[in-house]
Number of protein chains: 2
Amino acid sequence: PEKLKANVIEVIKKAKKLGQDDPRRVIHSLKVGLALTLVSLFYYFRPLYDGFGMSAIWALLTVVVVFEFTVGATLSKGLNRGFATLLAGALGVGAHYLACLSGEKGEPILLGLFVFLIAAASTFTRFFPQMKARYDYGVLIFIFTFGMVAVSGYRDDEILKLAHQRLSTILIGCTICVVVSIFICPVWAGEDLHNLVAVNMEKLASFLEGFGAEYFKIEEDGERVLIMIDDLQAYKSVLNSKAGEESLANFARREPGHGRFGFRHPWKEYLKIGALTRQCASQVEALNGYINSETQISQEFQRNIQIFCTKMSSESGNALKELASEIKTMTYSSLADCHVENAKTAVNDLKTFFKAAMLENIDLLEIMSATTVASLLIKIVTHTDEISES
Amino acid sequence: PEKLKANVIEVIKKAKKLGQDDPRRVIHSLKVGLALTLVSLFYYFRPLYDGFGMSAIWALLTVVVVFEFTVGATLSKGLNRGFATLLAGALGVGAHYLACLSGEKGEPILLGLFVFLIAAASTFTRFFPQMKARYDYGVLIFIFTFGMVAVSGYRDDEILKLAHQRLSTILIGCTICVVVSIFICPVWAGEDLHNLVAVNMEKLASFLEGFGAEYFKIEEDGERVLIMIDDLQAYKSVLNSKAGEESLANFARREPGHGRFGFRHPWKEYLKIGALTRQCASQVEALNGYINSETQISQEFQRNIQIFCTKMSSESGNALKELASEIKTMTYSSLADCHVENAKTAVNDLKTFFKAAMLENIDLLEIMSATTVASLLIKIVTHTDEISES
C-alpha cells in the first residue's frame with residue numbers, strides 16, 4: 001500500500017506537469033467530454049432517437065475517432081470519413097445490385113469476391129507514401145463501409161436505408177466535432193507549426209550562445225560558469241522533429257484562415273525552414289561532441305583563438321534567435337543579417353589570424369573542427385535567412 | 001484523355017515499383033482481403049448469423065482496424081481492443097446500474113456526467129508519452145465502448161446481452177486477424193527492426209567508403225570517378241529513423257518467439273544501437289557539407305594527407321559494414337575490431353604527420369575538420385561495437 005500510494009502520487013505529479021506545460025491539453029480533454037455528451041443527447045431525446053435508432057451509435061463512434069487535438073487534424077479526419085463513407089456507400093450499393101443479378105446461388109460468392117478485391121486493392125494503396133500521409137484513415141473507413149454495406153445488404157434488403165442512416169449519423173458526428181473544435185478554444189495546427197519552427201531555432205540559438213563559454217571553460221569570479229548542460233541539450237529534440245512538422249503542415253493546409261494566417265498560407269515554406277534547421281542541428285550535434293574533449297591546448301594559443309570562436313558561435317546564435325523572433329512576429333528586420341555579418345567577420349578574422357600566427361603548436365585538431373563547424377553554421381544561417389523572407 | 005492516360009500509367013508504374021521493392025506489401029493486401037472475406041462468412045451462414053445478428057458488424061470493423069502490416073502491430077492492437085472493450089464494458093454496466101438507482105429523472109443526467117468525466121479523463125491520459133506509444137488505440141476504444149454501453153443501456157435494458165455480443169464479436173475478429181497474420185507469410189516487426197538497424201549501418205558504411213574518393217576527387221584512368229551521389233546520400237534517411245525504430249521495438253515486444261528471435265529478445269539493445277547510428281549519421285551529415293567545398297589546398301599537402309583520410313574513412317566504413325553483417329548473422333567476429341584498429345592507427349599516423357610536417361601551409365581548415373569528424377566516427381564505432389555484443 002505504501003508503494004501504491006507513492007506510485008499514485010507520482011502519476012498525479014506527472015499529470016499536473018503535463019497540464020501545466022500546455023494547458024490546452026486539459027481544455028482539449030474537456031472538449032472531447034463535451035462533444036461526447038452532446039452526441040449522447042441523441043439517446044436521451046425521444047424524437048431524435050426515433051429518427052435514427054441504433055444507428056446513432058455511429059455518431060458516437062465518429063466523435064471518438066475524429067476528434068483530434070488540432071483543428072486541422074479534426075477537419076482532415078472528418079473529411080476523410082465523410083467522403084470515404086459516401087464513396088464506399090455508393091460502391092457498396094452498386095456491388096449489391098450487381099450481385100443480385102446473378103441469382104440466389106451466385107450472390108454470396110460474387111459479394112465475397114468483391115469484398116476481397118476491394119479490400120486488397122485499397123490496402124495496397126495505403127503503401128503509397130502520399131496516401132499514407134493524407135488519406136490513410138479515409139481508406140480504412142472506405143474498406144469498412146464497403147464491406148458493411150455490401151455484406152449486410154445480402155441479409156437486410158434495407159440497404160439504402162442503412163447507407164442513408166450511416167451517412168447522416170456520421171455527418172452529425174463530424175459536424176459536432178468540427179464545431180466544438182473550432183469554436184471552443186481552438187488549437188490550430190498552423191499556429192503550432194509556426195511556433196515549433198521558431199522554438200526549434202531558438203533551441204539551436206541557445207546552444208550556440210552557451211557553446212563558447214562551455215567549450216573554453218570560461219572562468220568567472222574564480223568559479224567555473226556551470227551553464228546548465230540540460231539547457232544546452234534541448235537542441236536534441238530538433239533532430240527528430242521531421243515527422244511532427246510534416247503532419248502539422250498536412251493538417252494546416254486544411255484549416256480555414258485564422259489569426260494572422262490566411263487560408264493559403266505558404267505552409268510548405270515552414271517545412272523548408274524546418275529542414276534547414278535540422279541540418280543546422282546535425283552540425284550542432286557534431287559540435288556537441290567536442291565539449292568536454294580533453295585535448296590539451298597551450299594556454300596562449302587558446303586565449304588567442306577563444307575570442308574568435310566565442311564570437312562566431314554567439315553571433316550565429318544571435319542571428320538564429322533574431323530569425324526566430326522574426327518568424328514569430330512575422331516581420332522582417334535587418335538585425336539578423338547584421339549578426340550574420342558579424343559572424344562572418346569573425347570567421348575571416350580567425351582565418352587571417354591562422355595565416356599570420358606561427359604554428360609550431362599543432363594540436364589544432366580540436367579547435368579547428370569547432371571553427372569549421374561554426375563556419376558551416378554560418379553558411380546555413382544565411383541560407384535560412386534567404387528563405388525566411390516569405 | 002491523353003493526360004489522364006499518362007497519369008494512370010504513372011500510377012501503375014509506381015504501384016509496380018512499390019510491389020517490387022517489398023513483395024510483402026502485395027501479400028499483406030491479399031491477407032487483409034482474405035481476413036475480411038472470412039469475417040463476412042458470418043453473414044452468409046445462417047446458423048452463425050442467427051447467433052449474433054447485427055453485432056457481426058463489429059467483427060468486420062475489428063478486422064479492418066486491427067489488421068496491421070506486422071504481426072506485432074496486429075497483436076498489440078488486438079490486445080488493446082480486447083482489454084479496452086472488456087474494461088469499458090464492465091465499467092459501463094456498473095455506471096448503468098448506478099444511474100438506475102437515481103430514478104427516472106436523474107438517470108440521463110448522471111449518465112451524461114459519467115460519459116463526460118470518463119471521456120475527459122481518458123483523453124487526458126493520451127497525453128502521457130508512454131500511454132501514447134503503447135495504449136493510444138486502447139484508450140480510444142475504451143471511451144467508445146463505455147459511451148456505447150452506458151448510453152444505449154439507457155434505452156435498451158438489454159445491456160448485458162449487448163456487452164456480451166460486442167465482446168464476443170470483437171474476440172472473433174481479433175482471432176481471425178491474429179491467425180491470418182501469424183500463419184500466412186508473417187511479417188515480424190522484430191525482424192524488420194533487426195534489418196532496419198543493420199541496413200542503416202550499411203548506408204553509413206557505404207557513404208564512408210565513398211567519401212574518401214569523392215572528397216579528394218580521385219582520378220582514375222584520366223576520368224574522374226563519379227560515384228553515384230545518390231548512393232552516398234542514402235544515409236540521410238538514417239537521420240529520421242527514430243520514430244520508426246521505436247514503434248517497431250514496441251511491437252516486437254509483443255511478438256511470440258520466431259525464427260532466430262526468442263520471446264524476450266533484448267529489443268531495447270536495438271534502440272541503443274539505433275541511437276548511436278543516428279549520432280554517427282549526424283557526424284556524416286556534417287562531413288557531407290565538405291564534399292564539393294572549394295577551398296584550395298596545395299597539391300603536395302593534399303597528396304600527403306589523402307592517404308590517411310581515405311584510410312580512416314574507408315576503414316571505419318568497413319568496420320560498420322562488418323558490424324552490420326555481424327548483426328544480420330547474429331555472430332560475433334573480430335573483423336570489425338580489426339578494422340577499427342586500422343582506422344585508429346590511421347588517425348595516429350595523421351597526428352604524427354601533422355606534428356612532424358612543417359606547417360607553412362595553413363589552409364588546414366577544410367581537411368582538419370574531415371579528420372576530426374573521422375576520429376569522432378571511430379569513437380562511435382568502438383562504442384557501437386561494445387553494444388553489438390548482445
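Predicted model, so just to flag it, every value in this text is computed and none were measured. Residue numbering restarts at 1 for every chain, and letters A, B, ... go by the order of the sequence lines.
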Pick from Phe67(B), Phe127(B), Phe128(B) with the largest number of heavy-atom pairs that fall under 4.5 Å of chain A: Phe127(B)
Contacting region of Ala15(A) [heavy-atom separation from chain B under 4.5 Å]: both
Between Ser29(A), Ala121(A), Gly33(A), the one whose heavy-atom pairs under 4.5 Å with chain B are most numerous: Ser29(A)
Sequence-distant partners of Lys17(A), side-chain hydrogen bond (donor to acceptor under 3.5 Å, both in side chains), two or more places apart: Asp21(A)
Contact class of Val63(A) relative to chain B, heavy atoms under 4.5 angstrom: neither
With Phe116(B) via side-chain contact (heavy atoms from CB on, under 4.5 Å) - residues at least two apart: Leu30(A), Leu34(A), Thr37(A)
Options Ser122(A), Ala119(A), Ala120(A), ranked by heavy-atom pairs under 4.5 Å with chain B, top entry: Ala120(A)
